[in-house]
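The structure presented is a predicted model; accordingly, all values stated were derived computationally and were not measured. Note that these values count all heavy atoms, side chains included, but never hydrogens, waters or copies made by symmetry.
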Amino acid sequence: MTENANIQEIADKIEMMKQIVISFTEVIAKENSALKANDIKAVKGLYEQKIKVVAAYRSACAFFIKNQKAIADYDNQDKAELKELSRELDRSLKENELLLKTRMEAGKSVMNIFVQAAKMANNKQATAYGAKGGYALMDNQRNALAFNRTM
């Protein structure tokens with residue numbers, strides 16, 4: 001491979017990566033907006049698109065990892081633009097992580113409230129035979145409780 005072809009290949013890969021990073025940032029921005037609006041259908045609708053862009057991103061990253069030295073030596077405005085686009089993607093991903101974590105914690109808190117309410121109802125209604133053969137309230141604080149949920 002000639003030096004010119006190598007430089008052209010790097011330029012092409014950087015341009016391709018710029019487009020992938022822009023697409024990735026757009027998908028994450030849509031997901032962040034949907035999470036802020038509590039629009040779970042929109043988040044689910046973005047799942048397939050997110051999977052595809054992540055696969056393309058990983059695939060493109062393989063070239064950059066394999067050719068680190070050549071890319072480090074390559075000095076071009078496109079490389080600087082890619083760095084800035086990557087910083088924007090990083091900011092969007094950090095926001096996405098916080099929004100998802102908050103959403104999961106809120107869901108966990110709601111589920112814990114439901115579980116506690118179910119345990120309290122179970123405790124109030126549970127009876128057992130007492131020592132004299134009659135019904136008595138049962139101490140069932142340690143009983144197992146199954147709670148199914150569908151998201």
Which heavy atom of I14 sits nearest a heavy atom of L82, and at what distance?
CG2-CD2, 4.1 Å

Please go through Y47's hydrophobic cluster and name the other residues, only I, L, V, M, F, W, Y counting, with side-chain heavy atoms under 4.5 Å joining them.
I51

Please confirm whether the backbone N or O of I65 pairs with a side-chain atom of Q68, one donor and one acceptor, at under 3.5 Å?
yes

Less than 4.5 Å apart, side chain to side chain, heavy atoms only: is that true for R103 and I40?
yes

S86 vs M17, side-chain contact (heavy atoms from CB on, under 4.5 Å): CA-CA, chis, key distance, verdict
CA-CA 10 Å; S86 296; M17 185 60 132; 6.0 Å; no

Salt-bridge test for K94 and E97: reply yes if a basic N is under 4.0 Å from a carboxylate O, no otherwise.
no

Just by distance, do the side chain of K50 and the backbone of I28 share a donor-acceptor pair under 3.5 Å?
no

What is the minimum heavy-atom distance between A60 and I20, and which atoms define it?
CB-CD1, 3.8 Å

Where do E95 and N32 come nearest, in terms of heavy atoms and distance?
OE1-ND2, 3.5 Å

If only atom types and distance count, is the side chain of K79 paired as donor or acceptor with the main-chain N or O of A72 below 3.5 Å?
yes

Can you name the closest pair of heavy atoms from L89 and F24 and give their distance?
CD2-CD1, 3.5 Å

Between the main-chain N or O of A55 and the side-chain N or O of S59, is there a donor-acceptor pair closer than 3.5 Å?
no

Here the pair of heavy atoms bringing Q49 nearest to V27 is NE2-CG2, 3.4 Å

Less than 4.5 Å apart, any side-chain heavy atom of I10 and any of N67?
no

Around atom CG of D75, are there more than 12 heavy atoms of other residues, nucleotides or ligands at under 6.0 Å?
no

